[in-house]
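I have placed the structure first, in the form of structure tokens, so that the comments after it can refer back to it.
We name chains A, B, ... by the order of the sequence lines, and we start the count at 1 in each one.
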Amino acid sequence: MSQKPSLPKGMRDFGPLQMARRNYILDTIKKVFQKFGFMPLETPAMENLSTLTGKYGDEGDQLLFKVLNSGDFLSKSSVTDFESGSKSMLSKVSEKGLKYDLTVPFARYVVMNQNDITFPFKRYQIQPVWRADRPQRGRYREFYQCDADVVGTDSLICEAEIVLMITEVFEQLKFTDYSIKINHRAILTGMAEAIGAEDKASDLFVAIDKLDKIGLEKVCEELLQRGLDQSSVDALKPLLSIEGSFEQKIEQLTQHLNNSESGKKGIEELQQINAHLDSFGFTDKNIELDTTLARGLSYYTGAIFEVKVNNVSIGSVSGGGRYDNLTGVFGLSGTSGVGFSFGIDRIYDCLEELNLFEEVMLNFTEVLITHFDEQTQRYGLSILKALRDAGIKSEIYPDQAKLKKQFGYADKKGIPYTITIGSEEMNSGLLSLKNMADGQQEKLSIQQIITKITGQ
RNA sequence: GUGAUUGUAGUUCAGUUGGUUAGAACGCCUGAUUGUGGUUCAGGAGGUCGCGGGUUCGAGUCCCGUCUUUCACCCCA
């Protein structure tokens with residue numbers, strides 16, 4: 001009675017090679033977060049469903065993984081609940097869910113611990129999140145987010161620092177061709193006002209976000225379908241064809257949005273962020289003001305970020321923004337937050353596709369001890385301890401086996417050195433050290449071996 | 001959630017209009033080499049053809065369902 005093992009849809013194992021690479025990405029991100037003064041935080045895999053629902057829009061609620069109540073989960077429900085559909089049934093059989101992102105649990109944490117937290121509070125959080133989405137390349141049902149957020153300050157230095165952190169991480173990961181897109185929610189609102197489509201604002205945003213993907217014509221088509229007036233669409237066209245440097249775009253936006261308070265505010269904030277970046281001496285060319293960027297509309301209220309790696313068919317690898325009202329839903333108002341998230345799984349896919357992993361060394365076993373019988377193996381254990389005491393990653397072949405097999409093991413595992421212990425070596429105390437790369441073998445004392453390996 | 005698409009050995013893939021015993025490469029195991037891996041040579045093991053039903057004298061091949069993969073939409077990291 002054996003069953004064919006399988007994995008749930010959209011979930012993956014990570015083997016040793018993948019783990020080495022993932023850790024390389026994570027370590028890079030962690031170090032940068034820490035350098036900017038962020039402190040670690042973890043929250044549980046599960047939250048109360050009441051914490052999660054309603055925070056991500058209707059779409060988001062559908063993508064939440066709900067967890068069945070423990071024990072007799074039907075005991076609280078009735079036939080009436082069942083008959084009135086899955087929605088009313090759900091609240092009776094499930095009160096917990098897997099977290100969907102790290103921002104909402106973070107907001108929950110901040111509210112619950114508001115009296116103990118020193119504001120502004122900077123935290124980073126690296127954990128898996130779950131979405132019941134239909135999997136695709138770069139889209140998984142379980143994936144890691146690496147968030148850094150600041151709550152309790154309105155300072156636009158935070159926004160500038162987000163740009164700095166993204167740039168530093170991408171530079172260290174050896175990405176060269178990528179764009180950090182930045183926009184402002186207030187600019188989007190300003191655009192809606194300028195073209196007289198405030199009531200259709202969210203339809204407008206969803207459509208213009210697709211501009212780089214489907215082009216101006218199709219966006220306009222979609223807007224008309226979504227019920228916008230022809231005059232609004234016509235008024236929008238010049239807004240979408242804004243080109244040039246950051247300063248040039250700002251200038252054009254100022255002209256178009258000078259009647260909108262909201263638009264003016266957005267422009268001013270982006271200018272300030274840009275000024276902060278100047279003060280930092282930031283000169284990176286990968287940042288770009290993109291007035292068609294419209295993401296995270298359900299809670300972002302200020303600046304919006306998104307990072308894409310060019311020439312790779314994967315969506316955004318990082319995103320974020322400022323949200324004024326997030327802790328408000330948990331009863332703490334007037335606390336602004338700004339943050340962003342790296343999608344490590346997508347970053348991994350990008351690095352792999354661009355062949356940027358070559359410099360990641362698999363830092364595993366350095367020495368394997370091979371032997372002939374019980375006696376030489378036992379002697380090998382004392383050698384093994386000496387190697388490990390010297391800080392050398394080492395192991396002994398655990399079974400009695402032919403040398404051929406033991407050497408084959410070292411070869412396949414990529415172990416650079418082997419020490420062979422036979423009766424001769426035991427008697428003389430001079431062990432056979434073999435360099436697996438060039439095949440050279442010499443007889444050395446354990447001290448000489450340690451010096452040779454650690455000294456290199 | 002809507003519409004497509006994929007599934008054959010450990011892996012990557014062949015498999016003709018439905019026809020006898022489902023193949024290859026790589027990998028794996030054994031030996032050539034009883035104190036030595038990566039090369040070479042000889043031999044060997046390994047498959048409920050995703051799963052369940054149906055059509056047929058006969059199904060890896062055709063039909064239906066289901067799961068899985070990939071892709072577009074939606075949305076997102």
TODO: Taking only the side-chain nitrogens and oxygens of A:Lys404, find out if one of them lies under 4.0 Å from OP1 or OP2 of B:U30.
DONE: no
Task: Option from A:Asp147, A:Asp149, A:Thr43 for which side-chain hydrogen bond (donor to acceptor under 3.5 Å, both in side chains) with A:Gln125 holds - done: A:Thr43
- [ ] Using the C1' atom as the reference point in each nucleotide, state the distance between B:A77 and B:C64 in Å, no decimals.
- [x] 38 Å
Open item on the list: Any N or O donor-acceptor pair under 3.5 Å from the base of B:C74 to the side chain of A:Arg134?
Closed with: no
Open item on the list: Can you work out whether A:Tyr140 or A:Thr420 has the more 5'-proximal nearest nucleotide on RNA chain B?
Closed with: A:Thr420
Task: OP1 or OP2 of B:C73 under 4.0 Å from side-chain N/O of A:Lys213 - done: yes
- [ ] Can you establish whether the number of heavy atoms outside A:Gln375 located under 6.0 Å from its atom CD is more than 12?
- [x] no
Open item on the list: Donor-acceptor check, side chain of A:Lys99 to backbone of A:Pro44, threshold 3.5 angstrom: yes or no?
Closed with: yes
TODO: Output the residues of residues 405-416 of chain A in contact with RNA chain B, where contact means a heavy atom of the residue under 4.0 Å from an atom of the strand; sort by number or write none.
DONE: A:Phe407, A:Gly408, A:Asp411, A:Lys412
Open item on the list: Base, sugar-phosphate or nothing for A:Gly138? Non-hydrogen atoms, less than 4.0 Å.
Closed with: base
Task: Partner nucleotide, any strand, of B:C57 [Watson-Crick/G-U, under 3.5 Å] - done: B:G19
Open item on the list: Is there a side-chain contact between A:Gln136 and the phosphate of B:A72, meaning an N or O under 4.0 Å from OP1 or OP2?
Closed with: yes
- [ ] Hunt down the Watson-Crick or G-U wobble partner of B:U48, both distances under 3.5 Å, from any strand shown, or write none.
- [x] none
Open item on the list: Closest-nucleotide mapping onto RNA chain B: is A:Glu222 or A:Pro8 further toward the 5' terminus? I mean the 5' end.
Closed with: A:Pro8
TODO: Answer with base, sugar-phosphate or nothing: what part of the nucleic acid does A:Phe372 contact at a heavy-atom distance below 4.0 Å?
DONE: base
TODO: For the pair A:Tyr56 and A:Tyr100, name the ring-plane relationship: parallel under 30°, tilted 30 to 60°, perpendicular over 60°.
DONE: tilted
TODO: Could you check whether A:Glu59 gets within reach of a base, just the sugar-phosphate, or nothing at all, counting any heavy atom under 4.0 Å?
DONE: sugar-phosphate
Task: Centroid-centroid under 6.0 Å between A:Phe170 and A:Phe175 rings - done: yes
Open item on the list: Over all strands shown, is A:Glu425 touching base, sugar-phosphate only, or nothing at heavy-atom distances under 4.0 angstrom?
Closed with: base
Open item on the list: If you only use heavy atoms from C-beta on, which nucleotide in B:A72, B:U36, B:A77 is closest to the side chain of A:Arg131?
Closed with: B:A77
Open item on the list: Between the base of B:U36 and the side chain of A:Lys434, is there a donor and acceptor pair under 3.5 angstrom?
Closed with: yes
- [ ] If B:C26 has a Watson-Crick or G-U wobble mate with both distances under 3.5 Å, name it; if not, just say none.
- [x] B:G10
- [ ] Give A:Gly439 one of three labels, base, sugar-phosphate or nothing, depending on what nucleic acid heavy atoms sit under 4.0 Å from its own.
- [x] base
- [ ] Might you confirm whether atom CE of A:Met112 has over 12 heavy atoms from other residues, nucleotides or ligands at distances under 6.0 Å?
- [x] no
Task: Out of B:U68, B:C75, B:G35, whichever nucleotide has its closest atom nearest the side chain of A:Gln441 - done: B:G35
TODO: In sequence, state the C-alpha distance, the side-chain angles, and the governing distance for A:Asp212 and A:Lys181, and then conclude on salt bridge (charged side-chain N to carboxylate O under 4.0 Å, His left out).
DONE: CA-CA 12 Å; A:Asp212 58 338; A:Lys181 295 183 177 177; 3.7 Å; yes
Task: B:A77 pyrimidine/purine six-ring stacking with A:Phe342, under 5.5 Å and 30° - done: no
Task: Nearest to side-chain heavy atoms of A:Gln145, which nucleotide of B:A77, B:U68, B:C75 - done: B:A77
Task: A:Arg22 to A:Tyr144, cation-pi by 6.0 Å centre distance and 45° axis angle - done: yes
- [ ] Select base, sugar-phosphate, or nothing to describe what A:Gln62 touches, counting heavy atoms under 4.0 Å on all strands.
- [x] nothing
Task: Separation between the C1' atoms of B:U2 and B:U48, rounded to whole Å - done: 34 Å
Open item on the list: Using a heavy-atom cut-off of 4.0 Å across all strands, would you classify A:Ser432 as base, sugar-phosphate, or nothing?
Closed with: base
